[in-house]
Amino acid sequence: MPGEPLRVTRSCVIALDELEWSFSGSGGPGGQHANTANTRVELVFDVAASASLGPRQRARLLDRLGPRVRIVASERRSQLRNRELALERLRHRLQDALHVEPPRVPTKPSSSATRARVEQKRRQGERKRARRVPRADED
């Protein structure tokens, strides 16, 4: 973790020196250790000033997340574990923001599928017609 960059996608890798870390005491129970240890982690990534992002990636992230992305992790008692959680959350948030949904291409049903659908409708109609009570003039 200390030296390797944060890989978000195949084409997006962020150097760890672009991340701003701050630590503080975590709230909640935990005994004497929680009162003295700074285990709460706040991670800030400056999208606008990042040198790791390409122009299209930067534009997409600015549009979807804004100029700064802030992540907070304080669930664990260990600062190291909270650091890992914060990095993982940042990775997922950036992945979601960078994801481009492929455009939907409407497809035409095959001719055999169309024939099968019409045949099914014909059979259903015959089945319903057979359930009817015959009228007097239909004998």
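Following chains of ILVMFWY side-chain contacts shorter than 4.5 Å, one can reach L98 starting from L65, so the two form part of one hydrophobic cluster. By the rule that hydrophobic residues join a cluster once side-chain heavy atoms approach within less than 4.5 Å of another member, V13 and L16 end up as members of separate clusters. Hydrophobic cluster membership is shared by W21 and L94, with clusters built from Ile, Leu, Val, Met, Phe, Trp and Tyr side chains linked at under 4.5 angstrom.
Applying the salt bridge (Lys or Arg N to Asp or Glu O under 4.0 Å) test to residues at least two apart or on different chains, the pairs with a partner in residues 98-120 are E119-R122, E119-R123. For the salt bridge (Lys or Arg N to Asp or Glu O under 4.0 Å) condition, the pairs that include at least one residue of residues 14-27, sequence neighbours left out, are E20-R68. Residue pairs meeting the side chain to side chain donor-acceptor pair (under 3.5 Å) criterion with at least one partner in residues 5-16, sequence neighbours excluded, are S11-Q57.
When all heavy atoms of L19 and F45 are compared, the pair lying nearest together is CD2-CD1, 3.6 Å. Among all heavy-atom pairs drawn from P5 and A15, the shortest one is CB-CA, 4.2 Å. When all heavy atoms are compared, the tightest approach of A86 to V41 is CB-CG1, 4.1 Å. Annotation for S74 and R40: closest pair CB-CG, 3.7 Å, computed over non-hydrogen atoms.
In terms of the salt bridge (charged side-chain N to carboxylate O under 4.0 Å, His left out) criterion, residue partners of R81 (sequence neighbours excluded) are, by chain and number, E84. In terms of the side chain to side chain donor-acceptor pair (under 3.5 Å) criterion, residue partners of R127 (sequence neighbours excluded) are, by chain and number, Q124. For R60, there are no salt bridge (charged side-chain N to carboxylate O under 4.0 Å, His left out) partners, not counting sequence neighbours. The side chain to side chain donor-acceptor pair (under 3.5 Å) check on E42 picks up R70, with sequence neighbours excluded. Considering only residues two or more places apart in sequence or on other chains, R93 meets the side chain to side chain donor-acceptor pair (under 3.5 Å) condition with none of them. For R89, the salt bridge (charged side-chain N to carboxylate O under 4.0 Å, His left out) partners at least two apart in sequence or on another chain are E75. Under the rule for a side chain to side chain donor-acceptor pair (under 3.5 Å), the partners of S112 that lie at least two apart in sequence or sit in another chain are S110.
Partner of L90 under the side chain to side chain contact (heavy atoms under 4.5 Å, CB included) criterion, chosen from I14, V44, I71: I71. For the pairing with C12, the side chain to side chain contact (heavy atoms under 4.5 Å, CB included) check across L61, L53, L6 returns one residue only, L53.
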Stepwise side-chain hydrogen bond (donor to acceptor under 3.5 Å, both in side chains) check, H92 with E88: CA-CA 6 Å; H92 285 300; E88 197 59 34; 3.1 Å; yes

Test log, rule side-chain hydrogen bond (donor to acceptor under 3.5 Å, both in side chains), inputs R77 and T39: CA-CA 6 Å; R77 292 186 183 185; T39 57; over 6 Å; no

